[in-house]
Amino acid sequence: MNPEFWSLIGEKAALAGIMIGFALVVAMYSTWAERKVAAYIQDRRGPDRAGWGGLLQPLADGGKLFFKEEITPRHAEKFLFILGPTLAMILACMTGAVIPWSTGFEWGDRIIVPQIADINVGFLYILGVLSLGVYGIMLGSWASNNKWSLMGGLRAASQIISYELPMGIALITILMISGTLKLGGIVEQQMDGYWNIILQPIGFIIFLVCAFAETNRTPFDLPEAENELIGGYHSEYSSMKLGFFLFAEYINIFISSVIIATIYFGGYDIPFVNDAKLTESIGMNWMAVLHFLSLFIKACFFIFVFMWVRWTIPRFRYDQLMDLGWKKLLPLALANMLITGLVILWFNN
Amino acid sequence: MNIILTSALSGIIFMFAGFVLKDKRHLNLLAVLLFVAMIVSAVFQLQGCEILSGKYPNMIETDPYRVSFFILLSLVGIYYTLMNRYNFSKPGSKVSDYFALIFISFTGIAVLASFNNLLLMFLGIEILSIPLYALAGAAKHKMRSTEAAVKYFLMGSFSTGIMLMGIALIYGASGSFLMANITSYAFDFQSIYYLGWVMLVLSMCFKVSVAPMHFWAPDVYDGTPTVFSSYMITIVKGAGFMTFLTLMSSFKITSEIVADNYRYLLSFIIILTLILGNFSALKQKSVKRMLAYSSVVQAGFMMFALFQISEQSKYALLFYTVSYGIASIVLFYALTQVKKDSYKGFNGLGKKSPVLAFAVTIALLSLSGIPFTSGFLAKFMILSSAMEEPSNLILVVAALVLAVLSIYYYIKVIIAMYFRKGKGKSIKLSTLSSFLLILGTILTVALGVYPDLLKMLLNCLGSI
Amino acid sequence: MIPISYYLFLSLALFSIGMIGVMTRRNIIIMLMCVELMLNSVNLLLVAFSKMHHAQNLGTDVGIDGQMLVLFIMVVAAAEVAIGLSIMILFYRKMYNVDVKSLNRLKH
Amino acid sequence: MQTSFDYIPIVILFLLAAGFVIGTIVATHFLGPKRSTDEKLDNFESGIEQIGNARRPFSIKYYLVAILFVLFDVEVIFFYPYAVNFRELGWEGFAAVSTFIGLFLIMYIYVRKKGALDWEK
Amino acid sequence: MLLSLLILLPLIAGLCLTVIKNEKPLGFVGTAVSIYSLVYSIFLLFAQTPVDTTVLFPWFEIGGIKTNIALSLTGLGGTMVLLTNLVFALLFLYFFSIKKEYSNTFYGLLLIAYGGLNGVFLAQDLVLFYFFWEIVLIPIYFLIGIWGSKKTRISANTTFFLYTILGSMLMLGGIIYIGFQLKPESFLLEDVMKVTAPFGNLQTLAWLFLLAFAIKIPLFPLHSWQPAVYKTSPTPVTVVLSALMAKMGLFAVVNWYMNMFPFSCEMYDNLLYVVGFGLVYASLIALTSNNVKKIIAYSSIAHLALIFMSLFAKSQMGIQGSYFQMFSHGIVVVGLWLSVDYMQRRYKLTDIKSISGLATVDPAIAVFFTFFGLANVALPLTSSFIGEFMMLNALYSYNPILCIIGCSGVILSAAYTLRLSTAILFGERENVSKKVRKFPTTLYLIFGIISIIILVLGIYPSILFNLLEK
């Protein structure tokens, strides 16, 4: 078992490294894209000095964050202060572990599936790690010993946990349809039949809204609402610690987009194409690349949606946010779940 | 299943009753009606008309004894509700919520009355106790109440942990949660099995507030608003003992040594309970606290039913619960009527309110175990059920001698009421209250003179 | 296959840590967490036992109920935490601390 | 063996991520300049002196949301095993879960009627 | 059936009286009930219709052991019932004439105790017996607590109550042991006897019962509650305590203890010495004491100790003498207490030295008091003489030392009784007004009846012996 085991470990380590790197790059360019999209929507130019079309801007930003002075406020709880962003970043990196990026490709004599961990509770894993994300924010905000930070942290915490409920229930309907908790299984089930967006439009909407809330994006960005709370939970942060919070947010956006694409839009499925036939004609490896591109394009679209919404819809008031989560989405999700169950059972028999 | 459903529904109804019924009297009426509904459903269950029967064969069963126990607890509950009908608004204004909590804890009792599975027993106990944590802290503006809630909660969840460990160990040894299987399993992991039992017994001791796990009880019963400590001391404790008895009846006694150890354990628990409870109660200045300690003592007496679990001891426990319940409810009602909780608060009550004083006297005599009150026959039955084993004589006599101590602090109340002069105006009771007090007294005496009344009632319920 | 005794000792150790914590610690929150530790050690043990019994009787339902209890314990623990935290907030808002030493109004 | 192996990649991922993050933190710690002044080390409070400690009791609503979440979330957990076996359980299972959802809804309505979900009151 | 009337009538009347408001004094109810019961019991006893002398109903069942409502009016029990009714009749008559200010509750509680006492003497079932045994205590407790003398009533009363309850609890333990370990068919006396007799090693059990009874009598080391209570209680309660409740203990020894544990008669020689010591001790205290009530209380202890001793003297004559003396002591003591009460009321008698020379002022009471005193000393021609003579005789043939102790008790009794009456009645007149006051007619009647009974029994004891034979 030993050599096989170690090679597997090596393979997974490589995959993990690639995924983290990829996520970082995507996150970096998301910031650029964000500014570009914003500029486009507001009829401006956006960043255009560093590199062609400002393409080097994210690198410059990153470098700036790297070399900035690090300030830890006097009254802060030092350890937790550092732990906050660290945790946020680590967890953001870890969310993607169960996502199937594409079908397997051949590497020598073995088939490598670009999915870091194909665990049978993939679903729950995502939910679990997502909800852990709130710890980073909470710890950071509390440790800062700043009133704005604390407010921001509290808001973040209650917002994230509030929206987790409808999200969880919305996901249950997917489970009912697919009957498995493995993300790979869900994708495969969609490849054969309809995408879940067709079966679950309401569930999709709920999930989308919740994803916005979970990533603290506008219109739900109350935890860092700069005109109310300065910077919210990261008011006191500087240097790379601040960078981690920002990066974590963008990584989360990316991963959320991937998850939305995976769950509701067929994952790496290429629409209107018979995958099996295509695989025969162009070979496994090319197919994997196509699949990956398919997923990536879908994800990019959703990243765009995230930005689009940010610059279109104004920020909610906090009570409106809570009302939406608890009073609208939660019953809606429950009803959706019941109806889905009824319909499926009805057609099954 | 009937009783579980009706009690749960009652709880739900009360959750929403507060939005509809604003008048507290209506809430009381509703509570009584729901109790009646619970009793009716229980009677149907006894008759075999059970909703969803057989759907959950590994979880619940209809045990006539426990269903009857449930009926009696509901009857005591009716008495309790009517007696305290003006007291529910004393801790706070959310009367309907209090009732909801009470009825939800009754759901726990219903589960306990029908489990045949440790899993469900655990659930029942939790459903029973979690609302009580909230009830203990119901008087939000009073620090004492909050403190009681904190203590009760911490210690209660602690004992839950112990109980779960016991259940897990028993499960590990026997491979099942079913009571029947636990009694008749292949004897592989003896040490784990008995360790589990000891833990289970300890945690049950906790739930019924028996030494060495009784330390929380006085503080909690003292701090909790009087209305609710009355509930906790009577009905909840009765349900706890019902569970304890059912649980211990599936304890497997494989050898003489095990039997001996079991007896030593029980004797130790009982003697410790009686000594600690009595001597602590002696030096209390507050009657409420004294009653709290005395409830520990009474629990010690109730433990006698576990020595030899038979028809007789089961009936004795039932009888004890009822008689103790009625007496305690009357006493706690009196506590809410006097100004102070201390003995001085009772001074001259015989003049101030003869009916109340008379009822309290009879209740105290019943608790002391004086003949012509049901308390005597309760003690008599429960002690006699333990007497199958000759070596228990010393234990019984010791318990009785310690009971003399308990009489000492009971009669201190009588002395205050009748032999001392009190200040203040006379206490006016409404007609219904007086009637209920008299009813309680009559019940106490009637059961004390003719104990078969209870048996007749049970027979009636079983054969309508 | 890890022997059952390992699980047993591990969970008993965790359980004891929790128990000792409840008895010795003075901070109510920490006591609550110790209680949770106790419950979770039981969960661990139950799952282990459940697996063991299942392995002994393959192809049957034996051992399923152990895991069922774990789910129930989780629910109950959540309910307890909910009520416990509420009580603690009530307490904290009066005393501005969560120390059991402040629980002294009912001593005589 | 098989199931526990599935999780090893996650551990690897965690180690990698943690290594990267901690490495970066340490690196920036040495890279950045250090010119701390008293004002810089103070907490930011819109430019004025910090008043009191920030860690004070805050609105009870946040607690309430947290507690409600704990309760509801645990109930949601129960849906998952059901959803996985939902086809096998058929109508009977659906009835049972409907009861459960009914209870869930009752609690929800109660909480809502009690005003626990009204942020502004 | 008819027998239960003896219990129920006073009980019900008592309960009713207790709860009735105090506006109208209704003491006459007590008088009526007691006289009716007296006549009724005499009728039952002397009519000799055996049908009416036993009652048997099934009552309830615990663990397969039946209890019955079993009453029987035979032998010593019958005699004691007669005594109870007599004493209460006299008591109520006395209060009817002398003192009417007691509230209805007082009479009610007294009547409840009355019913209970009748029950104790009638019960033939162990559990039933225990019921009545306890129920006597409760009204007495309240009577002392509410109407006792101000200073000591709470402490003395509490001691009394706890002491007796302790005894009862020990007995209860014994009852439970007998019932559920030895498993008789029922708790009826005859069934209980059957079961316990063959068992050899029942000493613990016997001790449990004996302690309970000894506390009630009270015997020497357990007597400490008694004098304080006698002093504290209002006179009617004292009368009930000394004339009847002490007899309850003795009766229980005869009816239950000796029947259930026949072997025990042989093993208590040492115990009898202790009791004898108590006799002398009590007499000596009575001799040195100055408080009138205390003297009578201790004299009571001494007399009861003698009765107890001779019960265990293992001779028919001793037992008969004891029975006789139980009755006679009851009557004599009533006379003593009532006359003391009269003197207390009218002449503020508390102490032996508080007044003297009463004979010249109120010769009637002097005569009666002297007579009762002499009866207490067991002078020939009084009823006590018959009893004491028989008892000492039996003691002598059993154990001469015990007889000597008993005799010394009698001698000491003579000493303190004479000291008492001499000091009060004769000598220089002190603290007593010169005006001769009229002795009430009713008192003539009451004291007359008592004296006549004492005399009649002293001259013609066969009346009582015939009753006892039944």
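Bear in mind that the values here come from a model prediction, so they are computed numbers and not experimental data.
Neither the backbone nor the side chain of Leu91(A) comes within contact range of chain D; no heavy atom of the residue lies under 4.5 Å from a heavy atom of that chain. In this structure, chain D has a heavy atom under 4.5 Å from the side chain of Phe244(A), while its backbone stays farther away. Of the atoms belonging to Phe247(A), not a single heavy atom falls under 4.5 Å from chain D. Proximity to chain A is limited to the side chain of Leu105(D), based on heavy atoms less than 4.5 angstrom apart. Interface remark: Ile20(A) contributes side-chain atoms only to the contact with chain D (heavy atom separation under 4.5 Å). When heavy atoms are compared at a cutoff of 4.5 Å, Leu330(A) approaches chain D solely by way of its side chain, counted from C-beta outward. Heavy atoms closer than 4.5 Å to chain D are found in the side chain of Leu334(A), but not in its backbone. Heavy atoms of Ile10(D) lying under 4.5 Å from chain A belong to its backbone as well as its side chain. Leu87(A) does not touch chain D: none of its heavy atoms, backbone or side chain, sits under 4.5 Å away. For chain D, the nearby parts of Ile172(A) are the backbone and the side chain; heavy atoms of each come within less than 4.5 Å.
In this structure, the side chain of Tyr80(D) does not engage the main chain of Leu175(A) through any donor-acceptor pair within 3.5 Å. Without hydrogens or angle criteria, Arg87(D) side chain to Ile177(A) main chain gives a donor-acceptor distance under 3.5 Å. Put simply, the side chain of Tyr108(D) gets close to the backbone of Trp326(A): a donor and an acceptor are under 3.5 Å apart.
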Decide side chain to side chain contact (heavy atoms under 4.5 Å, CB included) for Tyr163(A) and Phe69(D); before the verdict, give the C-alpha distance in whole Å, the side-chain angles of both, and the deciding distance to 0.1 Å.
CA-CA 10 Å; Tyr163(A) 278 80; Phe69(D) 166 73; over 6 Å; no
Could you walk me through whether Phe20(D) and Ile90(A) satisfy the side chain to side chain contact (heavy atoms under 4.5 Å, CB included) test, starting with their C-alpha distance in whole Å, then the side-chain angles of each, then the deciding distance to 0.1 Å, before giving a yes or no?
CA-CA 9 Å; Phe20(D) 163 68; Ile90(A) 293 175; over 6 Å; no
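Ranked by heavy-atom pairs under 4.5 Å with chain D, the list Leu321(A), Leu165(A), Ile161(A), Asp319(A) is led by Ile161(A). By number of non-hydrogen pairs under 4.5 angstrom with chain D, the leading residue of Pro331(A), Ser178(A), Ser162(A), Gly17(A) is Pro331(A).
The CD1 atom of Ile101(D) sits 4.0 Å away from the CG atom of Leu338(A) when rounded to the nearest 0.5 Å. Atom-to-atom distance recorded for Phe79(D):CZ and Leu171(A):CG is 13.5 Å, nearest 0.5 angstrom. The OG1 atom of Thr24(D) sits 12.5 Å away from atom NZ of Lys241(A), with the distance rounded to the nearest 0.5 Å. Here the CD1 atom belonging to Ile169(A) is positioned 9.0 Å from the CZ atom belonging to Phe72(D), to the nearest 0.5 angstrom. The OG atom of Ser158(A) sits 11.5 Å away from the CG atom of Leu68(D) when rounded to the nearest 0.5 Å. One finds the CE atom of Met322(A) at 7.5 Å from the OH atom of Tyr62(D) (value rounded to the nearest 0.5 Å).
In this structure, Leu13(D) and Cys93(A) have side chains that are not in contact, with every pair of non-hydrogen atoms separated by 4.5 Å or more. Using a 4.5 Å heavy-atom cutoff, the side chains of Tyr63(D) and Leu154(A) are not in contact.
Nearest heavy-atom pair, Met94(A) versus Phe14(D), reported as atom, atom and distance to 0.1 Å: SD-CD1, 3.3 Å.
The local environment of CD in Glu92(D) is sparse, with at most 12 non-hydrogen atoms from other residues, nucleotides or ligands closer than 6.0 Å. Residue Lys327(A) places its NZ atom among more than 12 non-hydrogen atoms of other residues, nucleotides or ligands, all under 6.0 Å distant.
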